[in-house]
Colleague: 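Dropping a structure here in structure tokens format, bear with me for questions.
The sequence lines fix the lettering, A, B, ..., with proteins before strands; numbering per chain opens at 1. Worth knowing before you read on, the calculation uses all heavy atoms, side chains too, and leaves out hydrogens, waters and symmetry mates.
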There are 2 protein chains.
Amino acid sequence: MPRDKKYNEVEVLERAMDLFWKSGYNSTSLRMLSKEMGINQFSINASFGNKQAVFLESLKMYKTKLHQLLKTFEDSSNGIENIKNFFYAFAAFTNLDNTKRGCLMVNTMSEFGLEMDEQVGSLISNYEQHLRALFKKNLEFASTKDTETIKKQVNYLVLAIGGLGLATKVQEQNVIEDYIEMTFTNI
Amino acid sequence: MPRDKKYNEVEVLERAMDLFWKSGYNSTSLRMLSKEMGINQFSINASFGNKQAVFLESLKMYKTKLHQLLKTFEDSSNGIENIKNFFYAFAAFTNLDNTKRGCLMVNTMSEFGLEMDEQVGSLISNYEQHLRALFKKNLEFASTKDTETIKKQVNYLVLAIGGLGLATKVQEQNVIEDYIEMTFTNI
DNA sequence: TTGTTTTCTAATCATTTGATTAGTTATGAT
DNA sequence: ATCATAACTAATCAAATGATTAGAAAACAA
């Protein structure tokens with residue numbers, strides 16, 4: 001029988017995710033990953049395949065983390081206030097320990113635009129649909145809004161949370177708070 | 001007397017700007033620039049210094065273009081509607097010919113975050129101040145808003161236009177329009 | 001035409017990149 | 001203890017990167 005792996009693939013992937021989150025895909029080299037993950041380049045490729053695959057797995061892990069955050073708001077009582085609370089939680093999440101990393105998915109959208117790896121692209125658009133569903137559900141809750149209004153407000157909130165993900169990379173906390181408060185003044 | 005330059009530095013810079021606008025700093029190589037600008041790498045460095053300097057000059061040119069757009073709204077009648085019109089013009093500008101390039105400044109903020117070249121950073125924050133001034137002036141026009149409200153609404157609009165710059169890279173036109181319309185129901 | 005000056009071309013430099021190789025080490029079933 | 005297997009290390013590969021070099025070409029004053 002062969003020897004066992006010295007490292008835990010979930011643990012080293014978490015380090016990879018942190019690095020991609022902070023620096024993006026193109027600015028993160030395999031050598032940086034190797035150093036940060038504590039395993040060498042060969043082991044990275046042995047465990048994941050190649051750099052693109054490490055990135056995809058990092059995105060999946062990020063999505064899981066974000067989903068854990070989201071679940072709280074999916075389970076709790078419904079309504080606008082619930083969406084607003086999610087915005088605040090998202091802002092805290094994307095600026096954990098004042099790291100100003102933004103949102104890995106938003107960063108990735110910005111880095112690649114529409115010319116994105118297909119698997120990465122579908123992971124992200126899948127999550128956008130997920131968010132849309134949450135927003136829609138909460139907007140419909142105890143409300144007399146017509147379908148057209150809800151559609152527009154969902155579009156609005158999706159872009160607003162994208163903008164929030166970008167803003168947490170560069171803006172101060174008080175500006176972020178003003179933004180969230182203002183976003184929900186009229187919906 | 002020496003020979004004259006075969007190329008016009010403004011024209012080749014415009015090509016460089018287009019490339020940085022489309023692909024960002026790190027994903028644009030000197031060889032891509034050379035091909036697109038129609039001059040070789042030596043000439044690029046002879047005219048501008050190095051890659052970073054070409055980028056800085058590209059940003060300056062972009063800023064000038066954006067400023068030409070902005071001037072229309074600085075000169076025209078004041079008020080909320082004026083800001084809204086600027087949002088629409090900005091959305092059209094960042095998605096000219098359906099190129100989905102977004103805003104070069106927003107793209108740059110997203111690519112580098114706060115760890116940005118000093119000159120690039122001050123150029124961008126300088127423009128943010130410019131926008132803040134425009135928004136403030138128009139919000140104050142024929143309005144009884146208190147100082148605190150105006151401060152919050154300016155913060156809101158600055159982040160909203162950043163989000164719009166990001167959104168034009170990936171979203172459809174109708175979603176963009178819903179976003180702008182909804183943004184201005186809140187102020 | 002000649003000579004001087006600068007632009008331009010093409011080749012090359014040292015690094016860095018993603019990826020792979022050859023060879024060594026450790027594990028655990030027998 | 002032996003040995004088959006897979007994980008590991010370190011070195012290396014070809015390609016791409018930003019930058020620079022040496023020399024040819026062009027323009028104009030004299």
Side-chain angles (χ1 to χ4, degrees), chain A residues 1-59 104 107-108 111-112 115-120, chain B residues 1-59 104 107-108 111-112 115-120:
Chain A
M1 281 287 282
R3 48 199 283 208
D4 293 336
K5 279 196 164 62
K6 275 204 284 190
Y7 55 91
N8 180 313
E9 294 194 345
V10 176
E11 281 175 12
V12 297
L13 184 59
E14 182 122 18
R15 305 279 191 83
M17 182 197 70
D18 282 339
L19 211 48
F20 281 129
W21 194 350
K22 182 186 168 215
S23 307
Y25 181 80
N26 279 314
S27 294
T28 302
S29 72
L30 273 177
R31 279 157 188 82
M32 290 164 67
L33 285 168
S34 171
K35 192 177 175 186
E36 191 68 21
M37 295 164 89
I39 62 179
N40 66 18
Q41 291 186 57
F42 175 86
S43 296
I44 293 177
N45 285 2
S47 279
F48 302 100
N50 57 22
K51 184 185 170 185
Q52 178 66 31
V54 183
F55 185 66
L56 185 61
E57 292 306 311
S58 297
L59 261 179
L104 179 54
N107 294 351
T108 304
E111 182 169 3
F112 295 106
E115 292 169 4
M116 198 180 288
D117 172 85
E118 196 184 322
Q119 293 181 85
V120 170
Chain B
M1 281 286 283
R3 50 198 282 206
D4 293 336
K5 280 196 164 60
K6 274 205 287 191
Y7 55 91
N8 179 315
E9 295 195 343
V10 175
E11 281 173 12
V12 297
L13 184 59
E14 183 123 17
R15 303 278 191 85
M17 182 197 70
D18 282 338
L19 211 49
F20 282 128
W21 194 350
K22 182 187 167 214
S23 307
Y25 181 80
N26 279 314
S27 294
T28 302
S29 73
L30 273 176
R31 279 158 188 80
M32 290 163 69
L33 284 168
S34 171
K35 192 177 175 186
E36 191 69 23
M37 295 165 88
I39 63 179
N40 65 19
Q41 292 186 56
F42 175 87
S43 295
I44 292 177
N45 284 3
S47 280
F48 302 101
N50 57 23
K51 185 185 171 185
Q52 177 66 32
V54 184
F55 185 66
L56 185 61
E57 291 306 312
S58 296
L59 263 179
L104 178 55
N107 295 351
T108 303
E111 181 169 4
F112 295 106
E115 293 169 3
M116 196 180 287
D117 173 85
E118 197 184 322
Q119 292 180 87
V120 170

Colleague: My understanding is that only residues two or more places apart in sequence, or in another chain, count here; which of them pass salt bridge (Lys or Arg N to Asp or Glu O under 4.0 Å) with Glu57(A)?
Modeller: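 By the salt bridge (Lys or Arg N to Asp or Glu O under 4.0 Å) rule, Glu57(A) matches Lys60(A).
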Colleague: Closer than 4.0 Å, any side-chain N/O of Lys6(A) to the OP1 or OP2 of dT9(D)?
Modeller: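 Indeed, a polar side-chain atom of Lys6(A) lies that close.
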Colleague: How many Å lie between CD on Glu9(A) and C1' on dA7(D), as a whole number?
Modeller: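 Glu9(A) atom CD is separated from dA7(D) atom C1' by 12 Å.
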Colleague: Specify the separation, in whole Å, of atom CG of Asn50(B) and atom P of dT20(D).
Modeller: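 Those two atoms, CG and P, are 8 Å apart.
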Colleague: Between P on dT7(C) and CG on Asn8(B), what's the gap in Å once rounded to a whole number?
Modeller: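 That distance rounds to 15 Å.
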Colleague: Between Thr28(B) and Leu19(B), which heavy-atom pair has the shortest distance, and what is it?
Modeller: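 Heavy atoms only, the tightest pair is OG1-O, 3.7 Å.
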Colleague: Between the two end axes of the helix from dT1(C)-dA30(D) to dT30(C)-dA1(D), each built from 5 base pairs, what angle do you get to the nearest 10°?
Modeller: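 What I find for the helix from dT1(C)-dA30(D) to dT30(C)-dA1(D) is an axis angle of 10°.
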Colleague: Going by ring-ring contact (aromatic ring centres under 6.0 Å, His included), name the residues that satisfy it together with Phe112(B), two or more places apart in sequence or in a different chain.
Modeller: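 Partners of Phe112(B) under the ring-ring contact (aromatic ring centres under 6.0 Å, His included) test: Tyr25(B).
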Colleague: What is the minimum heavy-atom distance between Asn40(A) and Ser34(A), and which atoms define it?
Modeller: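 In this case the closest contact between Asn40(A) and Ser34(A) is CA-OG, 3.2 Å.
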Colleague: Do Val120(B) and Gln52(B) have side chains that get closer than 4.5 Å, going by heavy atoms?
Modeller: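 Touching, per the 4.5 Å side-chain cut-off.
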Colleague: Can you tell me if the side-chain N/O atoms of Tyr7(A) get under 4.0 Å from OP1 or OP2 in dC8(D)?
Modeller: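 Yes, Tyr7(A) has a side-chain N/O under 4.0 Å of OP1/OP2 on dC8(D).
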Colleague: Take atom CG of Asn45(A) and atom C1' of dT9(D), then tell me their distance rounded to the nearest Å.
Modeller: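 To the nearest whole Å, that distance equals 15 Å.
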Colleague: Within the distance-only criterion (no hydrogens, no angle test), does the side chain of Glu111(B) pair as donor or acceptor with the backbone N or O of Asn26(B) below 3.5 angstrom?
Modeller: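 Confirmed, Glu111(B) side chain pairs with Asn26(B) backbone.
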Colleague: Which pairs count as salt bridge (charged side-chain N to carboxylate O under 4.0 Å, His left out) when at least one residue sits in residues 45-56 of chain A, sequence neighbours excluded?
Modeller: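 Of all non-adjacent pairs touching residues 45-56 of chain A, none passes salt bridge (charged side-chain N to carboxylate O under 4.0 Å, His left out).
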Colleague: Residues in salt bridge (Lys or Arg N to Asp or Glu O under 4.0 Å) with Glu36(B), at least two apart?
Modeller: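 Checked Glu36(B) against salt bridge (Lys or Arg N to Asp or Glu O under 4.0 Å); zero matches.
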Colleague: Give me the residues of residues 24-42 of chain B where at least one heavy atom lies under 4.0 Å from an atom of DNA chain D, by number, or none.
Modeller: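 Heavy-atom contacts with DNA chain D come from Thr28(B), Ser29(B), Leu30(B), Arg31(B), Gln41(B), Phe42(B).
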